[in-house]
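Notes follow the structure.
All figures in this text were calculated on a predicted structure; none of them were measured in a lab.
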There are 2 protein chains.
Amino acid sequence: MKLTRRAARPTLKQLAEEAGVSIGTASNILSGKTQLHSPETVERVLSVARQLGYRPNRVARSLAARRTHTVGVVVEPQHAVFTRNPYVTAVLDGVVDSLTPRGYHLKIITLSDLNPRTLWHQIDDGTVDGVILVAPLIGSPLLDYHAHTQLPCVVVGSTLPESLGFYCIDADNEAMMRLLTEYLIGMGHRRIGFVKGPDNQWSAQQRLQAYLSAMDAHGIRVDAEWIAPSNYEYSGGLAAAQQLLEVRPRLTAIIASNDMVALGVLDACVQRGVRVPTDVSVVGFDDVPLAALAKPPLTTIRIPIHDIGLEAAQALLHQIEAGETLRGARLVQGELIVRKSAAPPRKAKA
Amino acid sequence: MKLTRRAARPTLKQLAEEAGVSIGTASNILSGKTQLHSPETVERVLSVARQLGYRPNRVARSLAARRTHTVGVVVEPQHAVFTRNPYVTAVLDGVVDSLTPRGYHLKIITLSDLNPRTLWHQIDDGTVDGVILVAPLIGSPLLDYHAHTQLPCVVVGSTLPESLGFYCIDADNEAMMRLLTEYLIGMGHRRIGFVKGPDNQWSAQQRLQAYLSAMDAHGIRVDAEWIAPSNYEYSGGLAAAQQLLEVRPRLTAIIASNDMVALGVLDACVQRGVRVPTDVSVVGFDDVPLAALAKPPLTTIRIPIHDIGLEAAQALLHQIEAGETLRGARLVQGELIVRKSAAPPRKAKA
DNA sequence: ATGAAAGCGCTAACAT
DNA sequence: ATGTTAGCGCTTTCAT
């Protein structure tokens, strides 16, 4: 047990020398294959490691083993502001919860530009064993994924067409939006407005279609002016509601295609003295944490976003470790959360 | 220009052969040192790279160059739920905005346990060039940082004692809380309650002290029951307010030590029929995006969290690239944002 | 049970 | 201007 110079970080080689074993032996023992060696050797190596403060260099390990134990979460520029994106944040939480206990690490890949020339260098650069694509957009170069890389991948938050060859985990947007629309219809609403999301979001399209088809199924003609666009954010809800509140005769309900938008709609109502739900019902989608805190508390569809992130990471690790490629879509069901922002229309009440 | 087998990912060596140059030449050219070589060679190498779909293996590059171009953001377990932590989220946004344009990558290091034996393996494993410590807690093993690693580091969201040897970027909690308290006092409030943050948060302690000393400076005796604890979250604000609303004679104002807590306080008031700001003034701290959306909109202190994250990343990159070690604290000033949740006490009004 | 040796794919001297 | 070579720190056969 002689004194060790604490100059630079010790390497495996130094450790092995100090312990009087070969570098291969040290490697085995430190990566858990202890049953291959005699108890005394194991003990000696471990104790020298402790004493030296040895820490394996994960970069070297990754290079040699061709495994990084890291997964990348790829975020489109449009989503990259976490502060405004409770959805991405919740997915991230789920991913972390799944990765951490399994010893995997997390790299955030925020695409600065979508230049197809450099895009794949950022994603498939050898530093990750697989990636999670968060809500890729319609028309995104990311959809060309399989033409550019073999990296295991799972998509979250967008249900992509089968033909693209992805494995997607997402809310069942259509079923859930149908449920929500029919909830309102069942209450007696007929003149129901809709604030749609960005045209380049798959989920936005699916939610819109489901609304449209539910209305149609109930024989309700949807006027073009009942539909207003938004950016899926608070500001978009605010603006959209200004427009929808002008419609005459009045809409009795407004479906916002996500909660942030619904919060904007709510505030627009307050600003114009429109009472919710007395004058107009407002509902959201996702059930982000803020939804319950809204005034009034938002009736919405709860999507288990955290669990989706969790499951996505699990599916990815499975692909990585089993070397098996998943395909198709896993549609996760949500549930209607009835709070205070929706009520039967006044006419029906009276 | 013959056909290339698209079997496995091409390596530098293959590329070099294909282009008829040495591996060193190829390396130089692909890492931008093009002026060392003849234009024809450069062109040839680049074109072969394009044609082969060559992507450098960043792991190998990192090992050889001993630079990963990656920074780690270290998050304590207590903060690790992004969904509930607008502060961390905002810091992250700032960090990303600073890193991405500079070609650095981001690794999220969420500590699962704080076992001092394995802690440093997670942080200093060769995969990052430096780290940002997000709001390390009082008593955290992270504070032993410098005894365990030489990795460049900057601390964000905690102003640590100088003696610990860190470079910290943080809000000037004391000055800002003094400002806030004096704003209330200046309005005529005397009986001002305080919802403190967790005892293991530096910022919480600093904010509490500043409140105490501001009150003292104005000759106001603070009763122990005017102070309630919280977890810095909505739920904590809710609970704390229940308690503070019982104080007799009544408090005329409540300072929440951050915005999430203030939102809880606001809701507790609503639940008990206490009007804000008519019956009691409520103020927050941080100015997270939700603060403006609260009912009523929250009077608070704006902390430029995003900029703090941005600056932290910049300071870190500076240390990494210049090899220079920073120390001490950079205190960032905020500003009072007057909205609707605070007003003079009724007595003073009448 | 242990050691020796050949890489993993790249960078960076150094040589030419 | 280009090529050669010695690693970076580790994993993993393959011998012994």
Side-chain angles (χ1 to χ4, degrees), chain A residues 7-46 48-49 52-70 103 105 121 124-129, chain B residues 7-46 48-49 52-70 103 121 124-129 151:
Chain A
R9 249 170 83 159
T11 68
L12 230 207
K13 189 170 158 205
Q14 287 166 28
L15 189 165
E17 271 168 18
E18 198 94 357
V21 298
S22 79
I23 178 173
T25 300
S27 171
N28 281 337
I29 291 174
L30 288 171
S31 32
K33 295 165 194 152
T34 57
Q35 76 289 3
L36 295 180
H37 298 272
S38 79
E40 307 85 67
T41 314
V42 171
E43 185 39 56
R44 187 150 30 92
V45 169
L46 256 25
V48 171
L52 242 45
Y54 172 74
R55 281 198 287 274
N57 180 325
R58 191 178 297 277
V59 172
R61 181 176 276 187
S62 296
L63 181 60
R66 264 148 295 180
R67 282 291 307 280
T68 63
H69 283 269
T70 299
H105 300 220
H121 294 232
D124 185 5
D125 61 1
T127 61
V128 297
D129 291 339
Chain B
R9 251 169 82 158
T11 67
L12 230 207
K13 190 169 158 208
Q14 287 165 27
L15 190 165
E17 273 168 17
E18 198 94 356
V21 297
S22 80
I23 178 173
T25 300
S27 172
N28 281 338
I29 292 174
L30 288 171
S31 34
K33 294 165 196 154
T34 58
Q35 76 289 2
L36 295 180
H37 298 271
S38 79
E40 307 85 68
T41 313
V42 171
E43 186 39 56
R44 187 149 32 92
V45 168
L46 257 25
V48 170
L52 243 45
Y54 173 75
R55 283 197 285 275
N57 181 326
R58 192 180 296 276
V59 172
R61 182 176 275 186
S62 296
L63 181 60
R66 262 148 296 179
R67 282 290 308 280
T68 63
H69 282 269
T70 298
H121 293 233
D124 184 5
D125 60 1
T127 62
V128 297
D129 291 339
L151 267 186

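- Residue A:Y54 places no side-chain N or O under 4.0 Å from the OP1 or OP2 atom of D:dG9.
- When rounded to the nearest whole Å, the span between CG of A:L15 and P of C:dG3 equals 13 Å.
- Out of D:dC10, D:dG3, D:dT11, the shortest distance to the side chain of A:N57 is found at D:dC10.
- Between the CZ atom of B:R55 and the P atom of C:dC10 there is a distance of 12 Å, given to the nearest Å.
- Listed candidates were D:dA1, D:dG9, D:dG3. Nearest to the side chain of B:S22 is D:dG3.
- Set against C:dA5, C:dC10, D:dG9, the side chain of A:A64 has D:dG9 as its closest nucleotide.
- Rounded to whole Å, atom C1' of D:dC10 lies 15 Å from atom CD1 of A:I29.
- The separation between A:R58 atom CZ and D:dC10 atom P is 12 Å, rounded to whole Å.
- Counting only heavy atoms from C-beta on, B:T25 has its side chain closest to D:dG3 among D:dC10, D:dG3, C:dT11.
- Residue contacts shown for B:V59 are absent, as no nucleic acid heavy atom lies under 4.0 Å away.
- If you check C:dC10, D:dG3, D:dT12 against the side chain of A:S27, the one that comes closest is D:dT12.
- Closest to the side chain of A:A65, out of D:dC10, C:dG9, D:dT12, is D:dT12.
- Atom CG of B:L30 is separated from atom P of C:dC10 by 9 Å (rounded to the nearest Å).
- Residue A:T41 is classed as a sugar-phosphate contact, given heavy-atom separations below 4.0 Å to backbone atoms only.
- In this structure, the CD1 atom of B:I23 is 11 Å from the P atom of C:dC8, given to the nearest Å.
- When side chains are defined from C-beta on, B:H69 does not count as touching B:S62, because their heavy atoms never get closer than 4.5 Å.
- Residue B:L63 has its side chain nearest to C:dG9 when only C:dG9, C:dG3, D:dT2 are considered.
- Which of D:dG9, D:dT2, C:dA1 sits closest to the side chain of A:S38 comes down to C:dA1.
- Here the side chain of B:A60 is nearest to one of D:dT5, C:dG9, D:dG9, namely C:dG9.
- One can place CG of B:N28 at 10 Å from C1' of D:dA1, the figure rounded to the nearest angstrom.
- A:V21 is not listed as a side-chain neighbour of A:H37, based on a closest heavy-atom distance of 4.5 Å or more.
- Each of B:E40 and B:R66 lies near DNA chain D, and the nucleotide nearest B:E40 is the one positioned closer to the 5' end.
- In this structure, B:K33 reaches the C:dA12 phosphate: one of its side-chain N or O atoms is under 4.0 Å from OP1 or OP2.
- Annotation: side chain of A:T11 is not in contact with side chain of A:N57 (no heavy-atom distance under 4.5 Å).
- Residues A:T68 and A:V59 fail the side-chain proximity criterion, which asks for heavy atoms closer than 4.5 Å.
- Here A:H37 reaches the OP1 or OP2 of C:dT2: one of its side-chain N or O atoms lies under 4.0 Å away.
- Phosphate proximity of D:dT11 to A:R61: present, with a side-chain N or O under 4.0 Å from OP1 or OP2.
- Rounded to whole Å, the distance from CG on A:L36 to C1' on D:dC14 is 14 Å.
- Looking at A:D125 and B:R55, no side-chain N of the basic residue comes within less than 4.0 Å of a carboxylate O on the acidic one, giving no salt bridge.
- At a threshold of 4.5 Å between non-hydrogen side-chain atoms, the residues B:Y54 and B:V48 do not count as touching.
- In this structure, A:K13 and B:R44 both approach DNA chain D, and ranking their closest nucleotides by distance from the 5' end singles out B:R44.
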